[in-house]
Number of protein chains: 2
Amino acid sequence: MTSTDVAAHVGVSQATVARAFSSPEKVAPATRKRVEAAAAELGYVPNAIARSLKSQRTNIIAAVVPSVGEYWQSVLTAFSKQLADRRQQLLLFSFSDPAQLEDVLTSLAQYRVDGVILASASIDAGRLARVGSQQLPLVAFNQPAASGLVPSVSVDNDLGMRRLAAHVVENGARRVAYIGGVAATSTDQTRYRGAAQALAQAGIACPYTESGGWAYEHGYGAARELVELGELPDAIMVAGDELAFGVIDALEDRGVSVPTEVMVTGFDGLPQASWAGYDLTTLTQPVELLVEQAIALLLGPSEPEPADIVVAGELRLGRTTKSSSIFESRKDHG
Amino acid sequence: MTSTDVAAHVGVSQATVARAFSSPEKVAPATRKRVEAAAAELGYVPNAIARSLKSQRTNIIAAVVPSVGEYWQSVLTAFSKQLADRRQQLLLFSFSDPAQLEDVLTSLAQYRVDGVILASASIDAGRLARVGSQQLPLVAFNQPAASGLVPSVSVDNDLGMRRLAAHVVENGARRVAYIGGVAATSTDQTRYRGAAQALAQAGIACPYTESGGWAYEHGYGAARELVELGELPDAIMVAGDELAFGVIDALEDRGVSVPTEVMVTGFDGLPQASWAGYDLTTLTQPVELLVEQAIALLLGPSEPEPADIVVAGELRLGRTTKSSSIFESRKDHG
DNA sequence: CTGAAAGCGCTAACAT
DNA sequence: ATGTTAGCGCTTTCAG
């Protein structure tokens with residue numbers, strides 16, 4: 001079914017049918033009705049592919065997202081929703097291994113999408129710069145390393161970790177351990193730096209342990225090792241919520257109670273952090289807002305130099321740090 | 001950058017450049033090298049949009065998926081991965097409200113995708129039939145109601161619930177309650193029927209409570225009401241894992257211990273079900289396998305009549321039902 | 001093996 | 001307000 005078929009059926013030119021759909025105001029109401037009726041009858045729908053070829057706009061935004069991780073899934077959902085509101089579609093490119101990225105970016109280039117959201121901590125600066133040098137509108141999502149190279153939107157990792165650190169210190173923590181995700185990523189580095197610096201100001205050290213990933217298992221494993229080494233700190237600051245869930249479960253499996261013996265903080269503000277089972281103290285990322293900004297950067301007029309938007313998150317106080325009284329009584333006795 | 005530009009640069013015809021990319025074997029090795037070199041230098045990548053216009057294949061599969069729910073996110077990830085392996089892209093259409101479905105299906109039609117995955121419990125049979133009558137290859141994912149109307153792939157809800165029911169009965173449950181999701185959906189109905197029938201065979205009733213959704217909060221709310229009504233059963237069978245997490249947390253928040261006082265079962269086998277914090281007894285859906293079958297149905301030769309594939313899940317025994325001893329001792333005393 | 005030429009279905013001047 | 005016409009970048013006969 002093409003516009004030509006409909007045109008023949010109605011007895012107008014193909015161009016009129018096309019206009020009836022792409023700019024209805026340019027066609028007489030009566031003609032438009034007849035065209036619409038015929039289209040409905042014949043089951044005609046304009047061909048977006050053909051339209052794109054001519055107009056050079058696809059109304060498709062590509063999202064390059066890691067295929068795993070609770071956090072990315074929530075981000076994806078937000079993008080998909082907000083893009084739908086703007087009549088854009090989301091073409092999904094997920095990858096599990098940074099090595100696949102090359103392929104992904106190649107097949108992406110073929111689709112002449114209107115813009116790309118690059119959401120992954122594990123893209124190195126070199127590649128980023130190369131992608132950024134293309135024509136294609138691009139925005140890096142939550143990748144501190146992208147700052148300056150390409151337009152980017154991130155949560156304020158530094159501020160967020162400082163606030164979490166301040167909170168555990170207020171709650172009496174004197175010895176703090178930090179469990180990171182993947183040390184090579186800029187997100188991990190930025191978060192750790194924020195925590196370490198804030199704690200240093202309170203005269204507290206913050207030894208870093210790399211868990212090697214961002215998933216539950218990684219957190220679980222890292223915390224188990226910490227327990228086995230003995231010498232548990234007052235608080236464990238964890239680089240991400242999913243990791244933190246693993247940390248909490250590992251601790252409690254080994255009889256270490258949270259927060260009575262050890263406080264735990266996360267980062268991200270996943271829905272599950274609010275679930276009663278964990279009720280995690282964390283830094284909630286304003287995902288909707290971040291996504292909104294990213295889309296604005298992508299679809300809006302391109303700035304002369306790459307904009308870097310940093311949005312503050314919100315401290316969520318859960319029961320994994322509610323232990324001021326415990327520490328105060330400890331101090332009384334110590 | 002077009003094939004014509006590259007052709008001019010190399011000194012061959014545009015057709016040769018196009019062939020060098022779409023069917024390299026039809027072009028002399030020497031020419032191909034020169035074309036490839038020029039393309040790399042000029043940054044040329046074939047335009048998939050233009051290709052699709054001519055070839056009538058987009059290599060894009062659309063997925064229509066609810067925008068919320070842990071389960072759908074895991075399904076989406078599986079699709080995205082497996083489609084990438086087959087060099088297909090995933091165009092995502094998410095919707096939060098069944099009312100939006102109409103719009104979604106319309107914009108979907110414009111993109112002339114090669115196939116559609118319809119994954120949502122809340123599409124009524126009428127609409128399904130209408131969509132199915134189009135040209136477009138289609139597969140319904142985990143929608144028992146679709147069976148017979150359009151090709152479909154689902155987990156064996158009935159068998160799964162029967163096995164869970166058998167398990168709780170073996171573990172000594174004599175009074176069982178069922179917490180459903182959305183009663184109007186075929187998934188909910190099929191699961192409940194399986195549980196109710198299996199329990200009936202053991203002479204056990206299975207009163208149904210609708211929680212009104214599939215999210216954590218719905219499970220939490222439904223369980224809270226159950227507790228407030230008093231009269232707790234030996235086991236609560238829940239229609240989905242995410243609901244079950246809410247149920248467990250609601251019970252424990254009110255001092256009802258799981259599984260000592262009440263056993264809980266889920267359905268889906270989300271990653272979180274294996275997390276130590278919940279360690280839920282559930283029916284694990286073989287998501288990878290389901291997705292594989294769905295893709296095969298979509299991309300393979302179309303059958304004369306709609307195929308309905310039903311795949312059995314796997315029983316996962318967690319600690320939310322490990323309580324045989326408790327019940328046995330109760331029986332001793334009762 | 002390579003080139004010439006005709007479209008795929010639509011948009012956007014331009015003309016009427 | 002509508003029709004005519006020329007492409008968008010590619011694939012694909014058909015010749016050579």
Side-chain angles (χ1 to χ4, degrees), chain A residues 1-36 38-39 42-60 87 89 106-114 135-136, chain B residues 1-36 38-39 42-60 87 89 106-114 135-136:
Chain A
M1 256 319 127
T2 73
S3 55
T4 310
D5 299 325
V6 178
H9 199 260
V10 180
V12 294
S13 75
Q14 177 273 328
T16 300
V17 175
R19 272 192 285 256
F21 284 91
S22 58
S23 33
E25 72 284 357
K26 291 185 178 170
V27 70
T31 334
R32 191 173 61 211
K33 294 274 177 261
R34 285 163 56 218
V35 169
E36 283 166 356
L42 301 174
Y44 166 77
V45 182
N47 184 327
I49 299 293
R51 171 178 297 174
S52 300
L53 185 58
K54 177 99 258 226
S55 66
Q56 307 289 43
R57 301 201 70 246
T58 50
N59 288 335
I60 293 178
R87 326 239 64 183
Q89 307 308 329
T106 309
S107 53
L108 188 157
Q110 308 196 181
Y111 281 93
R112 303 296 197 268
V113 295
D114 292 350
Q135 191 52 30
L136 196 57
Chain B
M1 256 319 126
T2 73
S3 56
T4 310
D5 298 325
V6 178
H9 199 259
V10 180
V12 293
S13 76
Q14 176 271 328
T16 300
V17 175
R19 273 193 282 256
F21 284 91
S22 58
S23 33
E25 73 284 358
K26 291 186 179 170
V27 70
T31 332
R32 192 174 60 210
K33 294 275 178 261
R34 286 163 55 217
V35 169
E36 282 167 357
L42 301 174
Y44 167 77
V45 182
N47 184 329
I49 299 295
R51 170 178 298 174
S52 299
L53 186 57
K54 180 98 254 230
S55 65
Q56 307 288 47
R57 300 202 69 245
T58 50
N59 289 335
I60 293 179
R87 327 237 66 184
Q89 306 308 329
T106 308
S107 53
L108 187 158
Q110 308 198 181
Y111 281 94
R112 303 296 197 266
V113 295
D114 292 349
Q135 189 53 28
L136 196 57

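So that the names make sense, note that chain A is the first sequence line, chain B the second, and so on, each numbered from 1.
No hydrogens or angles considered: a donor-acceptor pair under 3.5 Å links the side chains of B:Ser3 and B:Gln14.
Between B:Ser3 and the phosphate of D:dG9, there is no side-chain N or O to OP1/OP2 separation shorter than 4.0 Å. Checking the phosphate oxygens (OP1, OP2) of C:dG9, no side-chain nitrogen or oxygen of A:Thr4 falls inside 4.0 Å. For the pair A:Thr16 and D:dG3, the criterion of a side-chain N or O lying under 4.0 Å from OP1 or OP2 is met. Between B:Thr2 and D:dG9 there is no side-chain N or O to OP1 or OP2 distance below 4.0 Å. A sub-4.0 Å separation between OP1 or OP2 of D:dG9 and a side-chain N or O of A:Tyr111 is absent. Between A:Gln14 and D:dT5 there is no side-chain polar atom (N or O) within less than 4.0 angstrom of OP1 or OP2. Phosphate contact (OP1/OP2 of C:dC8, side-chain N/O of B:Ser55, threshold under 4.0 Å): absent.
The interatomic distance linking A:Lys54 (NZ) with D:dC8 (C1') rounds to 6 Å, in whole Å. Between the NZ atom of B:Lys33 and the P atom of C:dC1 there is a distance of 14 Å, given to the nearest Å. Distance B:Arg51 CZ to D:dC10 P: 8 Å, rounded to the nearest Å. Atom CZ in A:Arg19 sits roughly 10 Å away from atom C1' in C:dT11 (whole-Å rounding). Rounded to whole Å, the distance from CD on B:Gln110 to P on C:dC8 is 20 Å. Between the P atom of C:dG9 and the CZ atom of A:Arg57 lies a distance of 23 Å, rounded to the nearest Å. Across the protein-nucleic acid pair, A:Ile49 atom CD1 and D:dT11 atom P stand 14 Å apart, rounded to whole Å. What separates CZ of A:Arg32 from C1' of D:dT2 is a distance of 15 Å, to the nearest Å.
Counting only heavy atoms from C-beta outward, the side chains of B:Leu108 and B:Leu136 approach each other to under 4.5 Å. Taking the side chain as every heavy atom from C-beta outward, B:Thr16 and B:Thr31 approach each other to under 4.5 Å.
In this structure, A:Thr31 reaches the sugar-phosphate backbone alone: every heavy-atom distance under 4.0 Å involves primed, P, OP1 or OP2 atoms, never a base. Nucleic acid contact for A:Tyr44: sugar-phosphate only, since backbone atoms but no base atoms lie under 4.0 Å from a heavy atom of the residue. Using a 4.0 Å heavy-atom cutoff across all strands shown, B:Ala15 reaches at least one base atom of the nucleic acid. Within 4.0 Å of B:Ala18, counting heavy atoms only, lies at least one base atom of the nucleic acid. If you check every strand for non-hydrogen atoms under 4.0 Å, A:Ser52 touches nothing.
Considering all non-hydrogen atoms of both residues, A:Leu42 and A:Met1 come closest at O-CG, 3.3 Å.
Checking side-chain atoms of A:Arg87 against main-chain N and O of A:Asn59 turns up no donor-acceptor pair under 3.5 Å. Looking at B:Arg112, its side chain never comes within 3.5 Å of a backbone N or O of B:Thr58 through a donor-acceptor pair.
If B:Ala50 and B:Lys26 are placed on DNA chain C by their nearest nucleotide, the residue sitting closer to the 5' end is B:Lys26. Projected onto DNA chain C by closest heavy-atom contact, B:Leu53 and B:Val27 fall at different nucleotides, the more 5' of which corresponds to B:Val27.
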